[in-house]
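One structure is given here, and the rest of the page talks about it.
As the structure is a computational prediction, the values presented were derived from the model and not from experiment. The figures that follow rest on heavy atoms only: side chains count, while hydrogens, waters and symmetry mates do not.
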Amino acid sequence: MDNVHVLDGVTNGEKYLIYKGRPLVRENNTIVYGCAEEKYVLQITIMTTTEYAGNEVPDKVIVQVVNTDTNLPMGERIAKQDMKSGLSEAFEIGVIWLERLLAS
């Protein structure tokens, strides 16, 4: 996994997981991938979990690409959205959407 490494954060000496040059941060049931300085970030919200091999894993998740302009109402900030089964599927499609929107 050459694209994944840990980077010292800008504030309070925190460490962030970096994937393909962008931070990947989880807080509770929300995962955010991307830089706030860019126009969009990927946001994944875990709605339900299921047990697999003795561990709780994400089941139903909402994947969104969100505009980082906080002056816009939240409804207008969502550029793409879908419900997916499993974190892997959500992250895969979300990264594709994010890259396309950032390139346009």
Side-chain angles (χ1 to χ4, degrees):
M1 293 182 48
D2 294 332
N3 289 324
V4 177
H5 63 280
V6 175
L7 178 73
D8 286 333
V10 177
T11 59
N12 302 325
E14 295 179 40
K15 295 189 181 284
Y16 298 103
L17 182 65
I18 300 297
Y19 177 71
K20 293 187 176 182
R22 291 189 176 93
L24 181 65
V25 180
R26 179 176 181 173
E27 184 175 324
N28 299 320
N29 288 339
T30 302
I31 300 167
V32 176
Y33 172 69
C35 300
E37 296 80 24
E38 294 182 305
K39 187 171 182 178
Y40 298 99
V41 295
L42 173 62
Q43 180 174 301
I44 297 173
T45 305
I46 300 166
M47 303 304 291
T48 63
T49 60
T50 189
E51 187 174 322
Y52 178 77
N55 295 305
E56 289 290 316
V57 296
D59 182 28
K60 297 292 181 196
V61 297
I62 296 174
V63 57
Q64 300 172 314
V65 176
V66 180
N67 190 310
T68 57
D69 183 353
T70 57
N71 293 320
L72 294 173
M74 187 49 140
E76 292 179 26
R77 292 178 58 198
I78 299 171
K80 295 282 267 182
Q81 176 177 295
D82 200 3
M83 176 81 77
K84 295 292 181 189
S85 295
L87 187 57
S88 177
E89 182 182 355
F91 191 72
E92 185 176 324
I93 192 67
V95 169
I96 291 169
W97 290 346
L98 179 64
E99 294 293 339
R100 286 180 181 169
L101 283 166
L102 289 174
S104 64

For the student: nearest non-hydrogen atoms of [X] and [Y], plus distance:
| X | Y | result |
| --- | --- | --- |
| Val41 | Gly34 | CG1-C, 3.9 Å |
| Tyr33 | Tyr19 | OH-O, 2.8 Å |
| Pro23 | Ile18 | CA-CD1, 3.6 Å |

Can you tell me how far apart [atom1] ([X]) and [atom2] ([Y]) are? Round to the nearest 0.5 Å.
| X | Y | atom1 | atom2 | answer |
| --- | --- | --- | --- | --- |
| Ile78 | Tyr40 | CD1 | OH | 12.5 Å |
| Asp69 | Glu76 | CG | CD | 10.0 Å |
| Lys60 | Thr45 | NZ | OG1 | 15.0 Å |
| Asp59 | Thr48 | CG | OG1 | 4.0 Å |

Do Asn67 and Leu72 have side-chain heavy atoms sitting under 4.5 Å apart?
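Yes, at least one pair of side-chain atoms sits under 4.5 Å.
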Report yes if some heavy atom in the side chain of Glu92 is under 4.5 Å from a heavy atom in the side chain of Lys84; otherwise report no.
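A side-chain contact is absent here, since even the closest heavy-atom pair is not under 4.5 Å.
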Candidate list Val95, Ile96, Leu102, test side-chain contact (heavy atoms from CB on, under 4.5 Å), partner Leu98, passing option
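Exactly one candidate clears the test, Leu102.
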Between Val63, Thr30, Ile31, Ile62, which is the residue that forms a side-chain contact (heavy atoms from CB on, under 4.5 Å) with Gln43?
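With Gln43 as partner, side-chain contact (heavy atoms from CB on, under 4.5 Å) holds for just one option, Thr30.
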Is the number of heavy atoms from other residues, nucleotides or ligands within 6.0 Å of CE (Met83) greater than 12?
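Result for CE/Met83: enclosed.
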Should the heavy atoms of other residues, nucleotides or ligands under 6.0 Å from CZ of Arg100 be counted, would the total exceed 12?
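At most 12 heavy atoms, drawn from other residues, nucleotides or ligands, come within 6.0 Å of this atom.
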Between Arg77 (side chain only) and Ala79 (backbone N and O only), is there a donor and an acceptor less than 3.5 Å apart?
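No, Arg77 side chain to Ala79 backbone: no donor-acceptor pair under 3.5 Å.
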So that I can tick it off, tell me whether Lys20 and Glu99 are bridged by a salt bridge, with the cut-off set at under 4.0 angstrom between side-chain N and carboxylate O.
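Between Lys20 and Glu99 there is no salt bridge, as every charged N stays at least 4.0 Å from the carboxylate O atoms.
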Kindly write out the residues that satisfy side-chain contact (heavy atoms from CB on, under 4.5 Å) with Lys80, not counting sequence neighbours, or none if the list is empty.
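Testing Lys80 for side-chain contact (heavy atoms from CB on, under 4.5 Å), a comparison that skips the adjacent residues, returns Val65, Trp97, Leu101.
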Please name all residues satisfying side-chain contact (heavy atoms from CB on, under 4.5 Å) with Glu27, sequence neighbours left out, ordered by chain then number.
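Glu27 satisfies side-chain contact (heavy atoms from CB on, under 4.5 Å) with no other residue.
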Using only heavy-atom distances, determine whether the side chains of Lys39 and Thr68 contain a donor-acceptor pair under 3.5 Å.
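No pair is found: no donor N or O on one side chain lies under 3.5 Å from an acceptor on the other.
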Treat each ILVMFWY residue as a node, draw an edge where side-chain heavy atoms are under 4.5 Å apart, and state whether Phe91 and Ile93 are in one component.
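Same cluster: Phe91 reaches Ile93 through Ile, Leu, Val, Met, Phe, Trp or Tyr contacts under 4.5 Å.
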Please determine whether residues Leu17 and Val61 belong to a single hydrophobic cluster, defined as Ile, Leu, Val, Met, Phe, Trp and Tyr linked transitively by side-chain heavy-atom distances below 4.5 Å.
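Same hydrophobic cluster.
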